[in-house]
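Here the structure is laid out as structure tokens; the discussion comes afterwards.
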Amino acid sequence: MGKMVWAHLAVPVKEVSLDVILPSGQAFRWKKHHDEWVSVLKDLVIVLRQDDNQISYRALASNNLPVPDSILEPVLSDYFNLSIKLSRLYREFGVRDSYFKKISPSYTGIRILRQDPWETLVTFICSSNNNIKRITQMIDNLCRTYGEYITTYNNIEYYTFPRPVSLCTSTCVQTLRDLGFGYRAAYIYKTALQVNEWESAGNSLSQLRGQPYEQVREFLLGFKGVGPKVADCVSLMAFDCHSCVPIDTHIWNIVQKRYATTAQLRASAKSKTMSKIMYDTLSQHLRKLWGHYAGWAQAVIFISELRKNE
DNA sequence: AGAATACCTCAGCA
DNA sequence: ATGCTGAGGTATT
């Protein structure tokens, strides 16, 4: 083993709280081992430690060669969206929304990660009618089976996230079912075929970044297993659509409990399933309330609700 | 059009 | 114990 070389990001916990955002259902591949958070970004195993004033980081590559900080720092800065100042957003949300102002002091450092589009798409297809624990297990199985081995750290093997082409095999659906994907196995396979074809034609999913939300959303809704909620999660977490507010069961619950709702919204509460119209109405309502970075406010409210149920 | 139902799996609960 | 419910929904009817 080479000498451990740590580099540092001067980021206070109030801007990024790893312990809050990494295990809370935004990304599903971070593992905590003692005081270290470990995951894979691109083809590197990333190791993070955090104290009050900084995040220390280093990376392990498959060749065991050191990864220069000049490569690593931009990767992390991008992944954690560090150009966006959280303190400023919290202040603005607090002015717009008294409930946010009330609860946010207990939930600081919650920000939206900027994740890989393909990985995010697959992950959130898996998230439908599912829970964080199981989603984490499914994604872990997927990478072990179809990803490329990178290295072992703390006795845990780390793999890349498989490229679409790796899933375009005749046995994929059955394999995924055996790995616990249930009915989502077929969705993943079909999506892999589509994305592979799209990329083979010289495109990349990343080129959707910077496109208007409506176009990103329409594109995403074209995949099997992607409905309004999943499309919004991917738009927000991979395609820079910061104002987009995914409406899940937790947000729906909290809106009914905490926010004044219109007669139309209250009436819909009786319905077993949320209609597309109702979904859009609610999402836009919250977007207007919270503003251009509404999706970031949603993340705070979502985690506060998640934590309360524990 | 809009609402109900089936869908994989599994932990938590009565 | 066996059966039900809900988990960051979606496709189908």
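Quick caveat: nothing in here was measured; it's all calculated off a predicted structure. Chain A is the first sequence line, chain B the second, and so forth, proteins listed ahead of strands; every chain is numbered from 1.
- Residue Gln137(A) is classed as having no contact, given no heavy-atom separation below 4.0 Å to the nucleic acid.
- The existence of a salt bridge linking Lys31(A) and Asp140(A) is confirmed by a sub-4.0 Å separation between a basic side-chain nitrogen and an acidic carboxylate oxygen.
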Secondary structure string for DNA chain B (Watson-Crick or G-U under 3.5 angstrom, | for other-strand pairs): ..|||||.||||||
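- The separation of dC10(B) from dA11(C), taken at their P atoms, amounts to 23 Å, rounded to a whole angstrom.
- Within residues 226-249 of chain A, no residue has any heavy atom closer than 4.0 Å to DNA chain B.
- The stretch residues 186-197 of chain A comes close to DNA chain C through Tyr187(A), each having a heavy atom under 4.0 Å from the strand.
- The salt bridge (Lys or Arg N to Asp or Glu O under 4.0 Å) pairs that include a residue from residues 183-201 of chain A are Arg163(A)-Glu199(A), where partners are two or more places apart or lie in different chains.
- Bracketed by its first and final contacts, the part of DNA chain C lying under 4.0 Å from non-hydrogen atoms of chain A reaches from dA7(C) to dT12(C) in 5' to 3' order.
- In this structure, Ile110(A) and Gln26(A) have side chains that are not in contact, with every pair of non-hydrogen atoms separated by 4.5 Å or more.
- A distance below 6.0 Å separates the ring centres of Tyr90(A) and Phe100(A).
- A salt bridge does not link Asp116(A) with Arg29(A): every distance from a Lys NZ or Arg NE/NH1/NH2 to an Asp or Glu carboxylate oxygen is 4.0 Å or more.
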Contact letters for nucleotides 9-14 of chain B, in which S counts primed atoms plus P, OP1 and OP2 and B counts the base, heavy atoms under 4.0 Å: B-S---
